[in-house]
Amino acid sequence: YPYDAAVIDLGLPRLSGLEVIRRLRADGSGLPILVLTARNRWQDKVEGLEAGADDFIHRPIDNVELVARLRVMLRIRHAEEGLRRMNQRLEGLVAERTRELREKERRLAQAEKMEALGTLAGGIAHDFNNLLTPIIAASQFVRDELAPGSEAREDLETVLEAADRAKQLVQQILTFSRRVDFEPRPLLAGLVVKEATKLLRNMVPSSTELESWVEAPDAAVLADPVQLHQVVVNLGANAYQAIGAEAGRVTLRLQRRDLTPEQRLGTPPLESGSYVVLSVADTGPGIPPEIRDRIFDPFFTTKPMGQGTG
């Protein structure tokens with residue numbers, strides 16, 4: 001309503017003043033209402049207050065009293081509106097704080113899961129490394145005793161190559177369990193992508209086409225080469241496994257991208273500047289929306305029993 005307050009006479013000729021008050025309140029109006037009455041009956045006051053009036057004044061009207069009562073009513077109304085706005089703001093702050101606490105709880109639970117899994121993986125890697133060390137030492141000793149070019153020596157070379165891959169696997173497990181430090185250093189990301197692509201070509205089934213586009217071959221990044229290689233291989237493996245037995249395509253792409261201040265991406269947002277973007281795409285069905293929040297959970301998998309994790 002385009003008014004600051006309403007003064008309503010109970011003795012209106014066509015419509016009861018009480019009915020006017022009820023209609024105003026039924027519309028949700030918070031308009032301060034001062035009731036004017038010629039009778040000093042307590043029944044009128046009770047009915048008026050029950051209908052939604054804020055105060056009463058009797059005839060004959062004293063202008064000073066009328067102005068004073070209206071000012072008090074307006075001050076009360078303004079105070080109530082201020083309290084209402086403050087309450088809304090507090091409710092918003094509480095809701096925001098609750099969301100933050102829930103997110104921190106989720107991250108803490110995720111960190112505890114990762115720590116437990118890392119401890120388990122570290123113990124397995126330690127035991128596996130103890131078994132691997134004598135195998136490598138004995139194989140090298142026997143190989144050196146055999147004539148170069150002999151069939152037995154070539155077989156032992158194959159054994160040692162497999163043992164070397166096993167050592168790299170142990171190193172990756174120890175890295176995951178945080179028992180060794182990362183060793184980031186400047187490297188050409190394109191070379192890592194090409195090496196990972198060669199490995200993936202031996203893994204991808206014939207029904208799946210593997211494409212690799214290194215559009216920034218001279219792009220240097222600061223990263224651990226073993227970690228970056230494993231990331232590319234894991235993403236590529238997940239991509240072709242998502243396609244399944246159907247014909248499809250996996251595309252690896254390495255590009256350079258310059259971000260302006262208006263194009264800042266991510267959470268928290270990246271600073272503007274030059275970046276190297278690695279993307280892996282596949283023609284599979286995609287990730288259902290209901291499980292996207294769990295894709296980084298190490299204990300979560302969509303694969304059937306016996307088909308690995310991921």
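Keep in mind the model is a prediction, meaning the values are calculated, not measured. Computation of the quantities below employed the complete heavy-atom set of this structure, encompassing side-chain atoms and omitting hydrogens, waters and symmetry-equivalent molecules.
For the atom pair CG of N238 and CD1 of I243, the computed distance is 11.5 Å after rounding to the nearest 0.5 Å. In this structure, K194 NZ and L254 CG are separated by 10.0 Å, a value rounded to the nearest 0.5 Å. Note that CG of L278 is 9.5 Å distant from CD of Q255, once rounded to the nearest 0.5 Å. Distance check: Y275 OH to R256 CZ gives 13.5 Å after rounding to the nearest 0.5 Å. For the atom pair CZ of F56 and CD1 of I33, the computed distance is 10.5 Å after rounding to the nearest 0.5 Å. With values rounded to the nearest 0.5 angstrom, E91 atom CD is found 10.5 Å from L93 atom CG.
Inter-residue side-chain proximity for R257 and S274 is flagged as unmet; no heavy-atom pair is nearer than 4.5 Å. Between S272 and T260, every side-chain heavy-atom pair lies at or beyond the 4.5 Å cut-off. With a 4.5 Å cut-off on side-chain heavy atoms, V250 and E209 do not count as touching. Inter-residue side-chain proximity for P32 and L74 is flagged as met; some heavy-atom pair is nearer than 4.5 Å.
Salt-bridge formation is detected for the pair R97/E100: a Lys NZ or Arg NE/NH1/NH2 atom is positioned less than 4.0 Å from an Asp or Glu carboxylate oxygen. The pair E80-R77 meets the salt-bridge criterion, since a charged nitrogen lies less than 4.0 angstrom from a carboxylate oxygen. Between R107 and E103 a salt bridge is recorded (basic side-chain N to carboxylate O distance below 4.0 Å). The pair D293-R106 does not count as a salt bridge, with every side-chain nitrogen at least 4.0 angstrom from each carboxylate oxygen. A salt bridge is absent between E105 and R102: the closest approach of a Lys/Arg side-chain nitrogen to an acidic carboxylate oxygen does not fall below 4.0 angstrom.
Clustering ILVMFWY residues whenever any of their side-chain heavy atoms sit less than 4.5 angstrom apart, transitively, puts I136 in a cluster other than the one holding L156. At a threshold of 4.5 Å between side-chain heavy atoms, the hydrophobic network of Ile, Leu, Val, Met, Phe, Trp and Tyr places L235 and V276 in one connected group. Both V231 and L210 are members of a single hydrophobic cluster when ILVMFWY side chains are connected at heavy-atom separations under 4.5 Å. Hydrophobic clustering, with ILVMFWY side chains joined whenever heavy atoms are under 4.5 angstrom apart, groups L10 together with L49. Under a hydrophobic clustering in which Ile, Leu, Val, Met, Phe, Trp and Tyr are joined whenever their side-chain heavy atoms come within less than 4.5 Å, directly or via other members, V277 and V193 fall into different clusters.
If you run side chain to side chain contact (heavy atoms under 4.5 Å, CB included) between V233 and each of T197, L228, L199, only L199 comes through. When L34, L18, L24 are each tested for a side chain to side chain contact (heavy atoms under 4.5 Å, CB included) with I8, only one passes: L24.
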As a quick check of understanding, evaluate salt bridge (Lys or Arg N to Asp or Glu O under 4.0 Å) for D54 and R25, giving each step before the final call. CA-CA 11 Å; D54 295 288; R25 293 300 183 233; 3.1 Å; yes
Take R249 and E211, measure what salt bridge (Lys or Arg N to Asp or Glu O under 4.0 Å) needs, and give me the verdict at the end. CA-CA 7 Å; R249 182 188 307 108; E211 296 182 344; 3.5 Å; yes
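Residues satisfying the side-chain contact (heavy atoms from CB on, under 4.5 Å) test with R59, not counting sequence neighbours, are D9, L36, A38.
Here salt bridge (Lys or Arg N to Asp or Glu O under 4.0 Å) pairs that include residues 147-159, with residues two or more places apart or in two chains, are R143-E157.
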